[in-house]
> 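Mind having a look at this structure? Questions to follow.
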Amino acid sequence: MRTQVGIIGAGPAGLVLAHLLHRDGIDSIVIENRSRDYVIGRVRAGVLEQSTVDLLVETGLGERLRREGMRHSGIHLCFGRRRRRIDFDDLTPGRAITIYGQNELVTDLIGARIATGGPLHFNVADVRIANFDSAPHIALRIDENQHEIACDFIAGCDGSHGISRASIPAGAVRTFEREYPFAWLGILAEAAPSCDEIVYALHARGFALFSMRSPSITRLYLQCSPDEDLERWPDHRIWDELIARLESSDGWRPRRGKILQKGITGMRSLVAEPMRCARLFLAGDAAHIVPPTGAKGLNLAVADVRILARALAAYYREGREDLLERYSEDCLRRVWNVQRFSWWMTSMLHRAPDATEFDYRRQLAELDYFTSSRAAMTSLAENYTGWKSAVNEPEST
Ligand code: RFL
Ligand code: PHB
C-alpha cells in the first residue's frame, strides 16, 4: 500500500486529520488496532470548545452536532455549599461550550470517512513504524495478512499508550510529566439532568462534577484514590457521595438514576517535546495528556491536527516546509497554556491526601475570588471556552 500520510489511530485526532486532509485533496490511510464498536462505545470526553465546534461546522461535520449538541453559556462552581455561575455570554460574548459525547463525534467522523471512500482499517495488529527519517513505512497485520504502508509522512495519533511516541529513539524527544495523587470515579446514569449546565464542586470530602450527555443521561465524577477498588462502590454509595459533595444551599442536587456504566480514570499531565521526529508527527494524546478537570484533551487533539493539516497542505500545494518545521513550536504554545489551565483547575478543585486545613481554606478563598472578581471570572471563562483557532492565541489578544 502507498499513501501520502499514514495515520495511526482512529480517535478524534486521527479521524479529524483524515477529514481535513481529504478536503485538501491529500490521501491518507487510517489504521486502528481496536474494533469499530469498541472505538465508538468508549465513553470519554463531552465538552467541545467554541473553536472545535466552529471547525467541525465549517468542514461539514456540524449537522448532527448542531441538532443534538447542548450549547452551554455558563458553568457553575460549588464550594462550601455556595453555587456560583460563570456567565460566558457576559464574560466572553460569542464563545460557549457544547456538550457532545466523544463517541458521538467519533461516530460522525467514521461516517464521514466512509462516505469519502477513504481507507480506514480497524482491528489491525502488530503495528510497527520505521525509516521515518527518510522513507517512512508502517508494518501491520490485517486479518492475519502482513502488509506494509509506504508514505511521505506518518501521523502518530495513537493516544497515550500508542506505539508512535515509543518508537522515537531515546534522546530525540523529551517528556515532562506529573502524576496526581487522586483519580476520578465516573458514572453514566439514566437520569434527566437536574441542572442545565455543568457543576464543578470542591467539598471537604473532595472533588465532584456534574455533567450530562443528553436530556435523559447524566455523567458524574467524584474524586477517589488512584488505586480505588470499584467493588467497594455499590451504586447507592456512589449516589450518596455525589449528593453529599454536590448539594448546594439553594436546594440543588443531582437526580438519582440507574447507573449504566462506571469506571476509574487516573490523572496525569504529560508533554512530549518536540512533537515531531523527522517525518513522524505526534498529535493529540500521543503527544500530551492533561488531567480532565479543564475538559481540554479532545479539544487539544483537534487543535494539533488543524495545525498539522494546514502545514501538510502548504507542503503539497506549494512545496513549503516552513509550516512543518514550525509544527511542534506552533502546537506547544497552546499545549503548555492548556497544561497550566488544567493543572490549575485540578489543584483548585481537589483535596490532595497530604494537604492541610490551611490549603483547603486557601482553595475556598481562591474559588470565592474566581467567582466574584470580574477580571478573574473573565480569565476562567476565556480559558474554559478556549483560545481562538486561527492564530492559536488567547481570545483577548
Ligand atoms: P485517543 O482517543 O486515545 O485515540 C487514539 C486511538 O489510537 C488507537 N491506537 C492504535 N491504533 C493503531 N495501532 C496502535 N498501535 C494503536 N495504539 C492505540 C486507540 O485504540 C485509539 O482509538 O486519542 P486522541 O485521538 O488523541 O484523542 C484524545 C481524547 O480522546 C482525550 O484527550 C479525551 O478523551 C480527554 N478527555 C476530555 N477531553 C476533552 O476535551 N473534554 C472532556 O470533557 C474530556 N473529558 C477525557 C474526559 C478523558 C477521560 N478519560 C477516560 C481519560 C473525561 C475522561 C474520563
Ligand atoms: C464530561 O462531561 O465528561 C466532562 C465534563 C467536564 C470535565 C470533564 C468531563 O471537566
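Source: prediction; values computed, not measured. Remember, it's 1-based here, ligands and their atoms both numbered in the order they're listed. Start at 1 with the first residue, then count along the sequence.
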> At a non-hydrogen distance cut-off of under 4.0 Å, which region of S211 contacts ligand 2 (side chain, backbone, both, or neither)?
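It is the side chain that gets close, since no backbone atom is under 4.0 Å.
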
> Compute the shortest N/O to N/O distance between Y384 and ligand 2 and return yes if it is under 3.5 Å, no if not.
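No - when backbone and side-chain N and O of Y384 are compared with those of ligand 2, no distance drops under 3.5 Å.
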
> With backbone taken as N, CA, C and O and side chain as the heavy atoms from C-beta onward, which portion of I99 lies under 4.0 Å from ligand 2: side chain, backbone, both, or neither?
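Neither part.
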
> Is Y200 in polar range of ligand 2, meaning some N or O pair under 3.5 Å apart?
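Yes: some nitrogen or oxygen of Y200 is under 3.5 Å from one in ligand 2.
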
> Heavy-atom distance to atom 5 (C) of ligand 1: which of G9, A301, C157, G156 wins?
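Nearest heavy atom to atom 5 (C) of ligand 1 lies in C157.
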
> Should the heavy atoms of other residues, nucleotides or ligands under 6.0 Å from CG of D143 be counted, would the total exceed 12?
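No, CG of D143 has 12 or fewer neighbouring heavy atoms, counting only those of other groups under 6.0 Å.
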
> Which protein heavy atom lies closest to atom 4 (C) of ligand 2, and at what distance to 0.1 Å?
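Here the closest protein heavy atom is Y221 CE1, 3.9 Å.
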
> Counting only heavy atoms, which portion of Q102 has something under 4.0 Å from ligand 1: side chain, backbone, both, or neither?
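Side chain only.
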
> Would you kindly specify which portion of I8 sits under 4.0 Å from ligand 1, judged on non-hydrogen atoms: side chain, backbone, both or neither?
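Looking at I8 and ligand 1, just side chain atoms fall under 4.0 Å.
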
> Please report whether ligand 1 has a polar contact with H161, defined as an N or O pair separated by less than 3.5 Å (distance criterion only).
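In fact, backbone or side chain, H161 has no N or O that close.
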
> Does any N or O of ligand 1 fall below 3.5 Å from an N or O anywhere on V127, backbone included?
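There is no such contact.
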
> Quick check on contacts: which atoms of ligand 1 are under 4.0 angstrom from a heavy atom of G46?
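In order of numbering, the contacting atoms are 42 (C), 43 (O).
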
> Do me a favour and list the nearest non-hydrogen protein atom to atom 4 (O) of ligand 1 with residue, atom name and distance?
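Among all protein heavy atoms, the one nearest atom 4 (O) of ligand 1 is G11 CA, 3.4 Å.
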
> Could you check atom 40 (O) of ligand 1 against the protein and tell me its nearest heavy-atom contact, residue, atom and distance included?
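The protein heavy atom lying closest is L298 N, 2.7 Å.
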
> Give the residue and atom name of whichever protein heavy atom lies nearest to atom 6 (C) of ligand 1, and the separation in Å to one decimal.
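Among all protein heavy atoms, the one nearest atom 6 (C) of ligand 1 is E32 OE1, 3.6 Å.
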
> Distance to 0.1 Å, residue and atom name: give those for the protein heavy atom nearest to atom 55 (C) of ligand 1.
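Protein heavy atom with the smallest distance to atom 55 (C) of ligand 1: T265 OG1, 3.6 Å.
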
> Using the six-membered ring of Y360, assess whether NZ or CZ of R351 lies under 6.0 Å from its centre and within 45 degrees of the ring axis.
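Relative to the ring axis of Y360, which defines the angle, R351 lies inside both limits.
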
> Report, in ascending order of atom number, the atoms of ligand 2 lying under 4.0 Å from any heavy atom of V47.
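Close to V47: 5 (C), 6 (C).
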
> Evaluate D285 for polar contact with ligand 1, using N/O atom pairs at a separation under 3.5 Å.
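N/O-N/O distance under 3.5 Å: yes.
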
> In this structure, are over 12 heavy atoms from other groups packed under 6.0 Å from R64 atom CZ?
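Yes - once you tally the heavy atoms of other residues, nucleotides and ligands closer than 6.0 Å, there are more than 12.
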
> Give the minimum heavy-atom separation between A272 and L332, together with the two atoms involved.
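Smallest heavy-atom distance, with atoms named: O-CD2, 4.2 Å.
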
> Side chain or backbone, does P292 bring an N or O within less than 3.5 Å of an N or O on ligand 2?
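Yes: some nitrogen or oxygen of P292 is under 3.5 Å from one in ligand 2.
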
> Using distance alone, determine whether R219 and ligand 1 share an N or O pair under 3.5 Å.
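No, there is no polar N/O contact under 3.5 Å.
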
> Give a yes or no on this: more than 12 heavy atoms of other residues, nucleotides or ligands lie within 6.0 Å of atom CZ of R174.
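Counting other residues, nucleotides and ligands, CZ of R174 stays at 12 neighbours or fewer.
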
> Would L242 end up clustered with M212 when hydrophobic side chains under 4.5 Å apart are linked, directly or stepwise?
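Cluster IDs for L242 and M212 match.
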
> For ligand 1, which part of I31 has a heavy atom less than 4.0 Å away: the side chain, the backbone, both, or neither?
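Near ligand 1, I31 shows its backbone, while the atoms from C-beta on stay back.
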
> Does at least one non-hydrogen atom of R213 fall below 4.0 angstrom from an atom of ligand 2?
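It does; at least one heavy atom falls under 4.0 Å.
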
> Using a strict 4.0 Å cut-off to heavy atoms of G297, name the atoms of ligand 1 that fall inside it.
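It comes down to these atoms of ligand 1: 32 (O), 35 (C), 38 (N), 39 (C), 40 (O).
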
> Could you work out, for atom 53 (C) of ligand 1, the closest of F122, Y221, Y38 by heavy-atom distance?
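Nearest option to atom 53 (C) of ligand 1, by heavy atoms: Y221.
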
> Is R340 positioned over the aromatic face of W343, cation under 6.0 angstrom from the ring centre and no more than 45 degrees off axis?
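Checked: cation-pi criterion not met.
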
> Step through the shown structure and confirm whether more than 12 heavy atoms of other residues, nucleotides or ligands are within 6.0 Å of CD on E325.
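Check passes, neighbour count above 12.
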
> Within ligand 2, which atoms have a heavy atom of A295 less than 4.0 Å away?
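Near A295, the atoms of ligand 2 are 6 (C), 7 (C), 10 (O).
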
> Nearest protein heavy atom to atom 16 (C) of ligand 1, by residue and atom, and its distance?
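The answer is N33 ND2, 3.3 Å.
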
> So which heavy atom in the protein is nearest atom 1 (P) of ligand 1, and how far is it from that ligand atom?
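Checking every protein heavy atom, the shortest distance to atom 1 (P) of ligand 1 gives R44 NH1, 3.5 Å.
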
> Could you walk me through whether R237 and E241 pass the salt bridge (Lys or Arg N to Asp or Glu O under 4.0 Å) check?
CA-CA 6 Å; R237 183 178 173 211; E241 194 62 29; 5.6 Å; no

> When you check the side-chain N and O atoms of N299 and T52, is any donor under 3.5 Å from an acceptor?
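On atom types as modelled, these side chains qualify, holding a pair under 3.5 Å.
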
> Give the single entry among R34, H288, R42 that approaches atom 21 (C) of ligand 1 most closely by any heavy atom.
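It is R42 whose heavy atom sits nearest to atom 21 (C) of ligand 1.
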
> Is the gap between the ring centers of W336 and F341 under 6.0 Å?
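They do not qualify: ring centres at least 6.0 Å apart.
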
> Do ligand 1 and P292 have nitrogen or oxygen atoms that lie under 3.5 Å from each other?
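No.
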
> Give a yes-or-no answer on whether the side chains of T3 and D27 include a donor-acceptor pair shorter than 3.5 Å.
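No, D27 and T3 have no side-chain donor paired with an acceptor closer than 3.5 Å.
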
> Taking only heavy atoms of G284, which atoms of ligand 1 are found under 4.0 Å from at least one of them?
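Under 4.0 Å from G284, ligand 1 has these atoms: 26 (O).
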
> Counting heavy atoms only, name the option from A45, P12, A10 that's nearest to atom 37 (C) of ligand 1.
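Among A45, P12, A10, the closest heavy atom to atom 37 (C) of ligand 1 comes from A45.
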
> Can you report which non-hydrogen protein atom sits closest to atom 25 (O) of ligand 1, along with the distance?
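Answer, as residue, atom name and distance: A13 N, 2.9 Å.
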
> Answer yes or no: are there more than 12 heavy-atom neighbours, outside R42 itself, under 6.0 Å from its atom CZ?
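Yes.
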
> Anything under 30° is parallel, anything over 60° is perpendicular, the rest tilted; go ahead and classify Y315 against F153.
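The rings of Y315 and F153 stand perpendicular, inter-plane angle above 60°.
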
> Closer than 4.0 Å to some heavy atom of T293 - which atoms of ligand 2 meet that?
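In order of numbering, the contacting atoms are 10 (O).
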
> Using the ring of each side chain (for Trp, its six-membered ring), is F207 parallel, tilted or perpendicular to W184, with breaks at 30° and 60°?
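The rings of F207 and W184 lie parallel, inter-plane angle below 30°.
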
> Looking only at N/O atoms, are I163 and ligand 1 under 3.5 Å apart anywhere?
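No; the residue has no nitrogen or oxygen that sits under 3.5 Å from a nitrogen or oxygen of the ligand.
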
> Would you mind checking which non-hydrogen protein atom is closest to atom 18 (C) of ligand 1, with the distance to 0.1 Å?
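Going atom by atom, the protein heavy atom closest to atom 18 (C) of ligand 1 ends up being D158 O, 3.2 Å.
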
> Backbone, side chain, both or neither: what part of S160 comes under 4.0 angstrom of ligand 1, heavy atoms only?
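No part of S160 is near ligand 1 at this cut-off.
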
> May I ask you to check whether over 12 heavy atoms, not counting those of R36, lie within 6.0 Å of atom CZ?
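Atom CZ in R36 is not crowded, with 12 or fewer foreign heavy atoms closer than 6.0 Å.
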
> F210 and Y221: aromatic ring centres closer than 6.0 Å?
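Ring centroids of F210 and Y221 are no less than 6.0 Å from each other.
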
> Quick one: which ligand 1 atoms are inside 4.0 Å of a heavy atom on G162?
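In order of numbering, the contacting atoms are 17 (N).
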
